[in-house]
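In what follows, a single structure is set out as structure tokens and then discussed.
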There are 2 protein chains.
Amino acid sequence: MTKIPEDLPDCTVFLLGKAYQKAHGDFQKRLKPYGLTNMQHLVLEGLWYQEGLTAAELGKMLILDKATLSGVLERMVEAGWIRKEQSPDDRRIFHLYPSAKANDMKEVLIEERKKANGELLAGFSLEEQLLFKRLLRVLM
Amino acid sequence: MTKIPEDLPDCTVFLLGKAYQKAHGDFQKRLKPYGLTNMQHLVLEGLWYQEGLTAAELGKMLILDKATLSGVLERMVEAGWIRKEQSPDDRRIFHLYPSAKANDMKEVLIEERKKANGELLAGFSLEEQLLFKRLLRVLM
DNA sequence: GGCAACTCCTTTGTATGCGAACCATTAACC
DNA sequence: GGTTAATGGTTCGCATACAAAGGAGTTGCC
């Protein structure tokens, strides 16, 4: 059995990466039966919060690179989760809307996110949960 | 419009992802002048801790998928950061060693990691830093 | 000895993630 | 009003990530 270097458990960048890796993986598995990825779920949440956003606005809201978002949106249109509508005012822009299929599953999908969050924080006391979120917000 | 039960700033999976995104990006930028990536730096730290590890052992230590590691190691050999030596006892296995070039930069590179950690936690009190790391360890 | 099971690693396929270059369009300004 | 700057989106290149399958090698067990 290989031991972990003493330094690693003290390296916050490493710890943060691994905590994210686990949280992301768990959420991904939870979403797999729906044919959605973590990222695609996030996009839907953004559009449920405000329909008709452009890719640039959505990227700003979700802190995502436009190059990344471009591919994600294309696959989501392909899979019928969202709709792109070119703006008549500015032909560079597309307004984004969740599809009927997405809206039908809205409640269930939001519930899955809540469950994922609950599962992630299961080992924390209520106080620790609030504190943890507060600290994460500082880092962003 | 239907309201969202839980706002994005309260979604821990999201917060964790964004905190990681920022930490990872900052460390990546810090390492760029050396021609190293975050992941490659991590591999070197693992091998400095114990030379001659196999890919499987290193993956276990760093919690990395073997498929991911395979490509990373290939690029690191290509770039002259590490050396792969086939084991005479078991021809499936490669033992991994940091190159002379890597060892020459060991002190500097470890210093960069420390600086990255310091920068990341700059907004936290000493108490918060310890608490944050403790909470992250629970999640792994 | 021999074959099944297991292990190590690679390969393939899909999905991020971001910098940089690029095209089309719109805004800004002289 | 025409050149320049800025913006929105796509594409390319590179580097993770991981599931799944596959090839090569080793072990276990009768």
Side-chain angles (χ1 to χ4, degrees), chain A residues 2 13-14 17-33 35-43 52-79 81-82 84-96, chain B residues 13-14 17-33 35-43 53-60 62-79 81 84-96:
Chain A
T2 316
V13 175
F14 177 76
K18 292 308 158 182
Y20 163 72
Q21 188 181 42
K22 178 149 193 320
H24 180 269
D26 288 349
F27 195 19
Q28 198 83 297
K29 275 177 199 132
R30 191 181 281 282
L31 291 175
K32 191 168 184 184
L36 267 180
T37 67
N38 200 325
M39 170 67 69
Q40 293 171 355
H41 184 282
L42 188 62
V43 165
L53 289 176
T54 66
E57 289 167 340
L58 192 59
K60 207 164 293 176
M61 181 198 254
L62 304 179
I63 317 175
L64 285 171
D65 191 275
K66 60 184 177 174
T68 302
L69 203 46
S70 184
V72 173
L73 295 177
E74 186 192 5
R75 285 184 289 275
M76 289 184 75
V77 169
E78 199 93 7
W81 290 108
I82 60 169
K84 278 166 87 170
E85 275 186 17
Q86 193 171 38
S87 166
D89 301 329
D90 187 337
R91 298 210 304 269
R92 294 170 301 180
I93 288 177
F94 291 96
H95 293 287
L96 302 168
Chain B
V13 176
F14 177 75
K18 291 309 159 182
Y20 163 72
Q21 188 181 42
K22 178 148 193 322
H24 180 270
D26 287 350
F27 195 18
Q28 199 83 297
K29 275 176 200 132
R30 191 181 280 282
L31 290 175
K32 192 168 184 183
L36 267 179
T37 67
N38 201 324
M39 169 66 70
Q40 293 171 355
H41 184 281
L42 188 61
V43 166
L53 289 177
T54 66
E57 289 167 339
L58 192 61
K60 207 164 292 175
L62 304 178
I63 315 176
L64 285 171
D65 191 273
K66 59 188 174 172
T68 304
L69 202 47
S70 184
V72 173
L73 295 177
E74 187 193 4
R75 284 185 290 277
M76 289 184 75
V77 169
E78 199 92 7
W81 290 109
K84 277 166 88 171
E85 276 186 17
Q86 194 171 38
S87 166
D89 301 328
D90 187 337
R91 298 209 305 268
R92 293 169 302 180
I93 290 177
F94 291 97
H95 293 287
L96 303 168

May I have the distance from [X] (atom [atom1]) to [N] (atom [atom2]), rounded to whole angstrom?
X: M39(A); N: dT16(C); atom1: CE; atom2: P; value: 6 Å
X: D26(B); N: dG17(C); atom1: CG; atom2: P; value: 16 Å
X: Q21(B); N: dC18(C); atom1: CD; atom2: C1'; value: 9 Å
X: Q86(A); N: dT26(C); atom1: CD; atom2: C1'; value: 13 Å
X: Q40(A); N: dG17(C); atom1: CD; atom2: P; value: 11 Å
X: I93(B); N: dT10(C); atom1: CD1; atom2: C1'; value: 15 Å
X: W81(A); N: dA15(C); atom1: CH2; atom2: C1'; value: 16 Å

Handout entry: Electrostatic pair D26(A):K22(A) at N-O distance under 4.0 angstrom
Key = yes
Problem - Where chain B begins and ends its contact with DNA chain D, read 5' to 3' at 4.0 Å from heavy atoms - result: dA15(D) to dT26(D)
Completion exercise
Sorted by position of nearest nucleotide on DNA chain C, 5' first, the leading residue of R92(A) and T54(B) is T54(B)
Please give me the minimum heavy-atom distance between [X] and [Y], naming the atom from each residue.
X: K18(B); Y: L64(A); result: NZ-CD2, 3.6 Å
X: V77(A); Y: K84(A); result: CG2-CD, 3.7 Å
X: Q28(A); Y: N38(A); result: OE1-N, 2.7 Å
X: F14(B); Y: M61(A); result: CZ-O, 4.5 Å
X: A67(A); Y: D65(A); result: N-OD1, 2.8 Å

Practice task
Would you classify Q28(A) as touching base, sugar-phosphate or nothing, given that sugar-phosphate means primed atoms plus P, OP1 and OP2, and contacts are heavy atoms under 4.0 Å?
Solution key: nothing
Handout entry: 5' precedence on DNA chain D between F94(A) and K29(A) (nearest-nucleotide basis)
Key = F94(A)
Problem - Partner of W81(B) under side-chain contact (heavy atoms from CB on, under 4.5 Å), chosen from V43(B), L73(B), L36(B) - result: L36(B)
Problem - Test of ring centre spacing under 6.0 Å for H41(B) and F27(B) - result: yes
Exercise for the section: Kindly say if K84(B) contacts the phosphate of dC8(C), meaning a side-chain N or O under 4.0 Å from OP1 or OP2. Expected result: no
Problem - Close residues, residues 59-79 of chain A, relative to DNA chain D [heavy-atom separation under 4.0 Å] - result: K66(A), A67(A), S70(A)
Problem - Atom pair CG/CD of D90(B) and Q86(B) - distance to nearest 0.5 Å - result: 9.0 Å
